[in-house]
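The block underneath contains the structure these notes are about, expressed in structure tokens.
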Amino acid sequence: MRILLDNFSKSFGATKVIENMTFEVGHGEMLALLGPSGCGKSTTLFAICGIHRPTGGRILFGDRDVTDLPSQARNIGVVFQSYALYPHMTVAENIGFPLKVKGMATADIGKEVDRISGLVHIGNLLGRRPAELSGGQQQRVALARALVRKPDVLLLDEPLANLDAKLRLEMRSEIRRIQRETGITAILVTHDQVEAMSMCDRIAIMKEGEIVQIATPAEMYSDPRTAFVAGFLGNPPITFLRGVMANGAFVIPDSEIRVPLPASVSAPEGAKLMLGVRPEHFTPTGDISAPGNVTFAETQGRENLYDVQLNGGSLLRSIQPVRHDVNIGDAVTWAIDSKNALVFDDDGRRL
Amino acid sequence: MAEKSQPSANYSTWPVILALSIVSAPLVLMYAYLFIDTITDTAAGSLIPDSFTLRHWRFLWETPAGKPNIWLVTLNTLIFATSVTTVIVLVSSMAGYVLSRLNVPGRGFFLAGVMVLHAFPSVTLIIAIFIVLQMIGLYNSLIGVILVKAAIDLPLGIWLMKGFYDTVPWEIEMAGVVDGASRFRVWRSLVLPQVRPGIMAVGLFSFLTAWSEFILPQVLAPGSKVQVLSVYLSALIADDNNFDFGTFKAVGVFYIIPVLIVYALFHKYLMNIYGGGSKG
């Protein structure tokens, strides 16, 4: 079911958290609300599930206006960061609780619980209590409980934050598989760009209560609208060079680096610019050489990560297939791939 | 559950045990004599009992003239203590939740008020309460003294329960609400089970303080039909004509047995902090 937030606003007392936000999640789509902590993404989620009342605007599920409906009447499933399992109930009772509240017959509840626990692969744990489960298993129970009453919308509030790295990878694909299999419309709140990019159809990136950009992960990565978006997506993160516009090129004063800009970039002569260079676009094979010294080297197994201090003081990051001939302190002359460099003005707007 | 305590390697324990034994010896001796004196006779001036007797326990099967029947008194005490416990547990488990979670008008005022009431010594109110009870016709009745005792002990119970509710994660309630449960249902079947240790603690405290309450029943319900054990006991020692120290001690032992039983049964609930299910 489609979700539409129409001019949604929320303030707590005098503190405005979100003002006039509008976005839509398509039927069966999974959307990530991505942003740093305090950007209002959880507030948005809690407004959608009815725990916070919006101070302005409308929330629509399909064509139904749910703005003033209490949580109980919205038919949503929520997975909380802490999972919020009921400690005194067994796994089966936890999953069956939403159905029990509905007044469903015990036999039918049992059938539904079996069906959904098969889907999330916890059929053998039904008799245990939450305290007897591992983090990943608790996560699956929480997911099953959220899905058992066939909600219109599934909301996930940082569901992977409390898992260790390996489980996180596993649950990432599991959640996506379950979302695909059930065809449910889902919203994922996260501050982890990898989660957002790998799990979702589209990403809405938020900053200070506003959506900066909504796009598919690939679009957002290659075509970020602002320097904030470019900096948030990508691991290892992008690095920025500061310079000015001179004769249709990006120039760092007191340095020989000169990156010609395409004609589509229009900025007045002498305007301050930022050039975003992703680590994979600063390698020995680029077209604009930028000599410097390696100040940091880290191996990640398949790739090596280097920080290079350019002559003049700016820092660029490079990621390359593993090599053993470069050490900290070495002088290198690697080059920027100018076609893939991103140009921003002084306020961070993409040019 | 009970782990065997290992002797510490850092210091030897016997001097500590010896010191503690010496300090607590008078108490232990007194308790021992409390019990021994009820089943023996001792010559005046001697510490060693010389004969076994059950006559001090006569009060159990015969009612002395002018005294109420012991079993009626025991029943009264039981009714008094359980009723007070029930009222306190019921009201404080609900009031504590409201003060902890719901955004009711005047919440701050209530919290402060409850605190002040708790700090108020109940004895200073006793004349006013006496007059009120007499006006509404509850003087010399169990109901009256139950209501007064429960009211005086409620602030502590409410505060305790509020503290327990404060530790229950909000997410559990949010999860319940989005699962479709009404707020009452959430309280009843999701939150209340999390504060079971609190309810046990409040219930136990209420029962024990009500069982040992003396001044309120003495002033507000002294009649022989509604007498409780503490009042009975004090009447016994106040009676100069039939002074019987052995019987007094026997009634005392009789009076504390239920307390010991209750404590033996329930103290583990106080220790047993309910295992929570959510990590982090």
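Per chain, numbering begins at 1; letters A, B, ... match sequence-line order.
Atom CZ of residue B:R185 and atom CD of residue A:Q72 lie 11.5 Å apart, to the nearest 0.5 angstrom.
Heavy-atom minimum distance, B:S189 versus A:F97: OG-CE1, 4.0 Å. Taking both residues in full, the closest heavy atoms of A:R149 and B:D179 are given as NH1-O, 3.7 Å, listed atom of the first, atom of the second, then distance.
The 12-atom threshold is exceeded at NE2 of A:H121, counting heavy atoms of other residues, nucleotides or ligands nearer than 6.0 Å. Atom CD1 of B:I143 has 12 or fewer neighbouring heavy atoms from other residues, nucleotides or ligands inside a 6.0 Å radius. At most 12 heavy atoms of other shown residues, nucleotides or ligands fall within 6.0 angstrom of atom CZ in B:R188. More than 12 heavy atoms of other shown residues, nucleotides or ligands fall within 6.0 angstrom of atom CZ in B:F214. Other residues, nucleotides and ligands place more than 12 heavy atoms under 6.0 Å from the CZ atom of A:F23. For B:F109, the CZ atom is loosely surrounded, since the number of other residues' heavy atoms within 6.0 Å does not exceed 12.
In terms of non-hydrogen atom pairs under 4.5 Å with chain B, the most contact-rich of A:G50, A:S71, A:C49 is A:S71. Between chain B and the residues A:A146, A:A161, A:A73, A:P98, the most heavy-atom pairs under 4.5 angstrom are made by A:P98.
Each of B:I172, B:V168, B:L190 was scored for a side-chain contact (heavy atoms from CB on, under 4.5 Å) with A:P87, with one residue passing: B:I172.
Only the side chain of A:I51 comes within contact range of chain B, with at least one heavy atom under 4.5 Å from a heavy atom of that chain.
Side-chain contact between B:E171 and A:Y83 is absent, with no heavy-atom pair separated by less than 4.5 Å. Using a 4.5 Å heavy-atom cutoff, the side chains of A:R74 and B:V178 are not in contact.
Side-chain N or O atoms of A:Y86 include none that pairs as donor or acceptor with a backbone N or O of B:P193 at under 3.5 Å.
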